[in-house]
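Only one structure is covered here, and it is reproduced in the block below.
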Amino acid sequence: MCEPQSTMRSLVQFVNNITGVIYLHLMKLPKIYDPKEYEADIYALWEKSKAFAPSGKGKPYSIAVPPPNANGDLHLGHALTLALEDIAIRFHRLRGNRTLLIPGADHAGFETQVVYERRLAQEGKSRFDLTREELYKNIWDFVAENRDNFENQYRRLGASVDWEHYTFTLDSKVIKRAYKTFKKMWDEGLIYRGERLVNFCTHHGTAFADIEVEYKEEQGHLWYIRYPLADGSGEVVVATTRPETMLGDVAVAVHPEDTRYKGFIGKTAKLPLTEREIPIIADDFVDKDFGTGAVKITPAHDQNDFEAGERHDLPKLTVISHEGKITHDAPEPYPGLTVQEARKKVVADLEEQGALVKTENHTHSVGHCYKCDTIIQPLIREQWFIDMEPLAKRAIDSLEAGEIIFYPEAKKKQLITYLKQLRDWNISRQIAWGIPIPAFQNVDDPEDWIYDERVTEEIITRDDKTYHRDPDVFDTWFSSGQWPFATLEYPDDETNAEFYPLSLMETGFDILMPWVSRMIMLGLYVTDQVPFKAVYLHGLILDEHGQKMSKSKGNVTNPLEVVDKYGSDALRMGIISGQSAGNNQPFVLGKVVGARNFANKLWNVSRFVEGIVGENYSPGDPKPETAADHWILTKLQHTTNALAKELEQYRFSEAYERIYHFIWDDLADWYIEASKATPNTDLLAYALESVLTLAHPFAPFVTETIWQALGWREELLITYHWPSSISADKKAAQDFEDIKIIVTEVRYITNVLKEQGRTLYFTDAPLLAENAQLITRLGRLRAVQQIESGKGLHLTQTHHNAWLDIDQATARNYLEELEVKKASQTEVIDRLKSRLGNKSYIDNAPKEIVKQTRSQLKEAEAVLEGINREYNRFSN
RNA sequence: GGGCUCUUAGCUCAGUUGGCUAGAGCGCUUCCUUGACGUGGAAGAGGUCAGAGGUUCAAGUCCUCUAGAGCCCACCA
């Protein structure tokens, strides 16, 4: 056995001398493939050879990797994304496409700032101890610490990304792109600054987009509160889940057709706990059947109420601050209390005053911050909004016109449904870690906002007026939503135009709404084209028992640990096997183990072939001679075509299974076994090169390692070409199928009767005569011989007259088997007969199908005849 | 309230436009150290495709309903 150390050295030497000599041979390597020995060197070899850069004259094929958070470690979801994308890229590269896989990393504004704040907290500091500039710089350094780590993780996963195109979402090209788009929207009136209700996290001190709020069903209460009419003529009872907001009430609304309240409309109610009087208005948004049919209106703290307030021109009285405390606009003694405290006190005070009618249990859904779980407060705040209607409409039209293919298709419908009810997008965030919004406000005229890119300055002057920079940054999705073209610097620069639109966008379905939808809208808006031709959405990766992976459950699998233990190829194949678009999938280690074994199988197939062709082999002209040769070529051709078709349609799992079974079942178990009888050197080599190529997208490391160790060609496998076919004789290939049937039956019989090592006799069968040696070997027989006549146990699955030299007494034990076979065969025949006896089947089914049924019947009858003949021989 | 998905062998899952005598991996049973591989080889067992209707010559595949599991969206005071 070869020393691992020297193996390693050889490959390193190879890396350093790409056009040089091969220093190692497979047969001198260990019997077991050890990925750790080769993976890093192989990746380095690819990088050094610039194999990832687009090359050739084929059609462009491009993918941009969804940028993972720059400060985090890759998880299994990333491993899946990279696996699927890299398979698609490597496949197209081998097919001669100009391929480009763009790597990147996301600054993940809010996410990253939260992580950094946690670190600050450990040092006993808070972000408010730092200026925005300091905070930005510190986080920049913090993220930079992890950058190498992160890039190396891509390498370990074997992603053939073009590092020349590496993009960070805070790179100047991305910022420039974001500004340009913002400016275009600004000029076209799509950007507006509005005092709107925003989803505000009082803990993190920033607003969120609607899509970022996490709603949860919660057990709460419904409080019924009595508001007496100002004229003393009665009272109106309102129901609310948030009694503290009554401090900010500016009206009570009832449904205009609600007979109970007909006389109330236009009157005034006294607001308990305050000195204020508020009008009773009519609005048909009120649900007559909910609560009392009368609803308190708090425009500053409720979306519905805000809209009602706009309709009725009501004031917006803010009683909850950005810190989540009651403001001084509320009467004493409430200011300064937290929302929770105020709720308690308000309820207690109302009860004391006799204004509380009753309290009911009530389940409703409450918005939470997805990071810290704080209840989101709807608060009024001036923010930048994008008018989404024209963008959404364009996207809907494009989707309905089928300009993007979705895998799975159902997700498209979901996306259209989402786009149809989309509201304006709040793109301002009150954090430091992000792209500053290039807008400045006139210090003397708050209404005067200008667009200006001098964001490094806090104060600027223009036209003798002084402007102050908006301290906010863009929502991360605003810039990452432009990823497909920002990474390519398209359309500003035509250099990479050929790669746009991208061929594929592969990502998790959980970001269909926040990310994919925005890429489509912004892509159409900026480039006038869809940003990608296809979307493939994978589901969540769950643990082995179908549970969501989470740190708190302790069931998280680290992909790099799996790579360490089983190899990068094994992780890749294990994670895509049995995977289908749009469905969640458990991570099953068994599949990784199976894939590891497959890599090892490939390794040993190669060792065998090298042993046959010898160490200094160079590929010759493969010519099929035996039936097995013709058969494997036919199979290879079929596999090659089918695999290409499946990969073109992104049927990854099926494609993997196909190459797996071709290599394992057809090549290793049949062809190589047959080769041991009559080896065809050049054809074995050709078959090996072909399967290494076909398997390369799925198992890049082991295939390239073998390729390099074989050293038959100067090219790298990664940039080699997809196999072209060699013509084979169909009749000869069919002969091998017949041999397989004979061998399989021989094995079955000898297994059942425990009679290995018998002789197979036959009369007048050239196929058996010509392949006697092969059948002897494969069937584990003593011999295959032609004679005039004789006694024994006859084969029933072939039309050749052949029998095993098994004595009558032993052979009788096989009767039972024959009976079972007879019964099942009869069943098959009955089914086929009744189908063919059905007139409407003959009339309606396609001719080919009917023809197929006829030949199936004919075959089945022949087999049954054989079984019957043999059965009768024994029962007589 | 609206929309979507899933239910196929003991386990985890595949199954393009309906043509199947329903597949894979793992697990299970029996046998085999044949000079590529025991991370191997050979032969097996195991499912009325959740249930009920319907369309069709033909349904795991299309339609309707029922039951169970799950996801997404929404202005549920």
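Keep in mind that this is a model prediction, so the values were computed, not measured. Proteins get letters first, then strands, A, B, ... in listed order; numbering begins at 1 in each.
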Set of side chain to side chain contact (heavy atoms under 4.5 Å, CB included) partners for A/F509, sequence neighbours left out: A/K411, A/L537, A/N584
Atom P, compared across B/U16 and B/U61: separation rounded to whole Å: 11 Å
Gap in Å between the two C1' atoms, one belonging to B/G38 and one to B/C31, rounded: 14 Å
Whole-angstrom distance between B/G1 and B/U66, as gauged at atom P: 14 Å
P-based separation of B/C11 from B/C63 [nearest Å]: 28 Å
Atom P, compared across B/G15 and B/G53: separation rounded to whole Å: 28 Å
Crowding at CD, A/E409 (>12 non-hydrogen neighbours, <6.0 Å): no
Whether A/Y656 and A/F698 hold their rings parallel, tilted or perpendicular, with breakpoints at 30° and 60°: tilted
Side chains of A/W664 and A/N597 in contact at under 4.5 Å (non-hydrogen atoms): yes
A/Q585 CD to A/Q579 CD distance, which is reported to the nearest 0.5 Å: 4.5 Å
Phosphate OP1/OP2 of B/C37 contacted by A/W664 side-chain N/O (<4.0 Å): no
Qualifying residues under ring pair (Phe, Tyr, Trp, His ring centres under 6.0 Å), relative to A/Y407, sequence neighbours excluded: A/Y650
Sort me out a list of protein N/O and nucleotides 29-35 of chain B N/O pairs below 3.5 Å, or just none if empty.
from: B/U30; atom 1: O2'; to: A/K754; atom 2: NZ; distance (Å): 3.3

Pair A/R311 + A/D283: basic N to acidic O under 4.0 Å: yes
First encountered from the 5' end of RNA chain B, between A/Q579 and A/Y660: A/Q579
P atoms of B/A67 and B/G51, separation to the nearest Å: 16 Å
Pair A/K28 + A/E615: basic N to acidic O under 4.0 Å: yes
A/S580 side-chain N/O to B/A14 phosphate OP1/OP2 under 4.0 Å: yes
d(CD, A/Q547; C1', B/A69) in whole Å: 12 Å
Side chain A/R596 and base B/U39 donor-acceptor under 3.5 Å: yes
Pairs touching residues 289-308 of chain A that satisfy salt bridge (charged side-chain N to carboxylate O under 4.0 Å, His left out), sequence neighbours left out: A/D249-A/K296
Strand-adjacent residues in residues 597-605 of chain A, judged by heavy atoms under 4.0 Å from RNA chain B: A/N597, A/N600, A/K601, A/N604, A/V605
Nearest-nucleotide pick for A/R651, side chain only, options being B/U16, B/A77, B/A36: B/U16
Lys/Arg-Asp/Glu bridge criterion (N-O < 4.0 Å) met for A/R854, A/E848: no
Qualifying salt bridge (charged side-chain N to carboxylate O under 4.0 Å, His left out) pairs, either residue in residues 652-677 of chain A, two or more places apart: A/E646-A/R658, A/R651-A/E654, A/E673-A/K676
Touch class at under 4.0 angstrom, heavy-atom based, for A/E673 against every strand present: base
Residue-phosphate contact under 4.0 Å: A/R747 side-chain N/O, B/A43 OP1/OP2: yes
Dot-bracket encoding per residue of RNA chain B, Watson-Crick/G-U cut-off under 3.5 Å, | denoting interstrand: (((((((..((((.....[...)))).(((((.......))))).....(((((..]....))))))))))))....
Base-contact (B) and sugar-phosphate-only (S) positions in nucleotides 2-8 of chain B, heavy-atom cut-off under 4.0 Å, - elsewhere: --SS---
Contact nearer the 5' end of RNA chain B, comparing A/Q303 with A/V752: A/V752
Cation-aromatic face contact A/R343/A/W223, 6.0 Å, 45 degrees: no
Partner residues of A/Y814 under the ring pair (Phe, Tyr, Trp, His ring centres under 6.0 Å) criterion, sequence neighbours left out: none
Touch class at under 4.0 angstrom, heavy-atom based, for A/D305 against every strand present: nothing
Touch class at under 4.0 angstrom, heavy-atom based, for A/S365 against every strand present: base
Rounded distance (Å) that lies between atom P of B/C72 and atom CD of A/Q421: 15 Å
For RNA chain B, the residues among residues 288-300 of chain A that have a non-hydrogen atom under 4.0 Å from it: A/F290, A/A294, A/V295
Axial cation check for A/Y748 ring with A/K821, 6.0 Å and 45° limits: yes
Sugar-phosphate, base or nothing in reach of A/V286, heavy atoms under 4.0 Å: base
Pair A/F598 + A/W603: ring centers closer than 6.0 Å: no
Sugar-phosphate, base or nothing in reach of A/A595, heavy atoms under 4.0 Å: nothing
Within 6.0 Å of CD in A/E816, more than 12 heavy atoms from elsewhere: no
Separation of B/C73 P from A/F509 CZ (nearest whole Å): 11 Å
Residues A/E360 and A/K358 bridged, charged N to O under 4.0 Å: yes
Which residues share a side chain to side chain contact (heavy atoms under 4.5 Å, CB included) with A/T241, sequence neighbours left out: A/L222, A/H362, A/H364
Write out a two-atom table: protein N or O, nucleotide N or O from nucleotides 56-63 of chain B, distance below 3.5 Å.
from: B/C57; atom 1: OP1; to: A/N844; atom 2: ND2; distance (Å): 3.4
from: B/C57; atom 1: O4'; to: A/S840; atom 2: OG; distance (Å): 3.3
from: B/C57; atom 1: O2'; to: A/N838; atom 2: ND2; distance (Å): 3.1

Min side-chain heavy-atom separation A/T776-A/R782 under 4.5 Å: no
Neighbour count >12 (heavy atoms, 6.0 Å) for atom CD, A/E544: yes
Pairwise P distance for B/A43 and B/C4, with rounding to whole Å: 47 Å
Separation between the P atoms of B/C13 and B/C71, rounded to whole Å: 15 Å
